[in-house]
Amino acid sequence: ESLAREVLTPHRGRPWRLHFEEFRGGWNTISRQAALTLCKEVLSEESQSVTEPEVTIICTVCPRFVGLTVSALDGEDLQVPFSNDAE
């Protein structure tokens, strides 16, 4: 919980959304509800935005990665440039 507070606090007040990915291996160290509750507490429930977030909170657990991240992406960040020269 202290790690989450440390990572989230600088983003307080900005529009946010939570992306929670359930680990399908049978054990979860955090529930979707616990993650959402903490986000609402630290970031403000009023700032939650599904349609126009400035930051996306990604909460996931998998065998090679356990962590929490906050990312600010624009749709252009996800575009791959097209080139006619590519084979």
Side-chain angles (χ1 to χ4, degrees):
E1 187 176 319
S2 63
L3 171 64
R5 289 183 186 283
E6 184 179 326
V7 170
L8 297 176
T9 298
H11 304 284
R12 181 176 293 160
R14 296 174 67 192
W16 62 273
R17 69 176 168 189
L18 172 67
H19 173 79
F20 182 89
E21 184 175 296
E22 195 86 28
F23 176 60
R24 296 177 188 1
W27 56 273
N28 284 305
T29 58
I30 186 169
S31 69
R32 179 186 314 270
Q33 188 56 46
L36 182 59
T37 298
L38 186 63
C39 285
K40 287 179 178 180
E41 181 183 322
V42 175
L43 298 172
S44 164
E45 186 171 357
E46 292 79 27
S47 296
Q48 186 178 9
S49 173
V50 176
T51 58
E52 295 183 15
E54 288 182 15
V55 292
T56 298
I57 313 307
I58 301 170
C59 183
T60 185
V61 179
C62 72
R64 296 184 183 175
F65 175 78
V66 177
L68 173 71
T69 185
V70 177
S71 58
L73 293 174
D74 189 311
E76 292 178 7
D77 295 334
L78 302 175
Q79 293 180 356
V80 177
F82 176 77
S83 171
N84 286 332
D85 298 331
E87 291 183 23

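This one's a predicted model, so the numbers in the text were calculated from it and none came from an experiment.
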### Query
Got a second to check how far Ile58's CD1 is from Arg17's CZ, nearest 0.5 Å?
8.5 Å
### Task
For Ser49, enumerate each residue passing the side-chain contact (heavy atoms from CB on, under 4.5 Å) test, keeping only those at least two apart in sequence or located in another chain.
Pro15, Thr51, Glu52, Pro53
### For Gln48, side-chain contact (heavy atoms from CB on, under 4.5 Å) partners two or more places apart
Trp16, Leu36, Lys40
### Message
Using every non-hydrogen atom in the two residues, find where Cys59 and Ala35 come nearest and quote the distance to one decimal.
### Response
SG-CB, 4.2 Å
### Task
May I ask you to check whether Glu46 and Ser44 show a side-chain donor-acceptor distance below 3.5 Å?
yes
### Message
Ignoring hydrogens, what is the shortest heavy-atom contact between Leu18 and Arg32? Give both atom names and the distance.
### Response
CD2-O, 4.3 Å
### Message
Glu45: which residues meet the side chain to side chain donor-acceptor pair (under 3.5 Å) condition with it, sequence neighbours left out?
### Response
none
### Message
For Glu41, give me all partners under salt bridge (charged side-chain N to carboxylate O under 4.0 Å, His left out), at least two apart in sequence or on another chain.
### Response
Arg5
### Task
Flag the pair Leu43 / Ile57 as yes when at least one side-chain heavy-atom distance between them is below 4.5 Å, and no otherwise.
yes
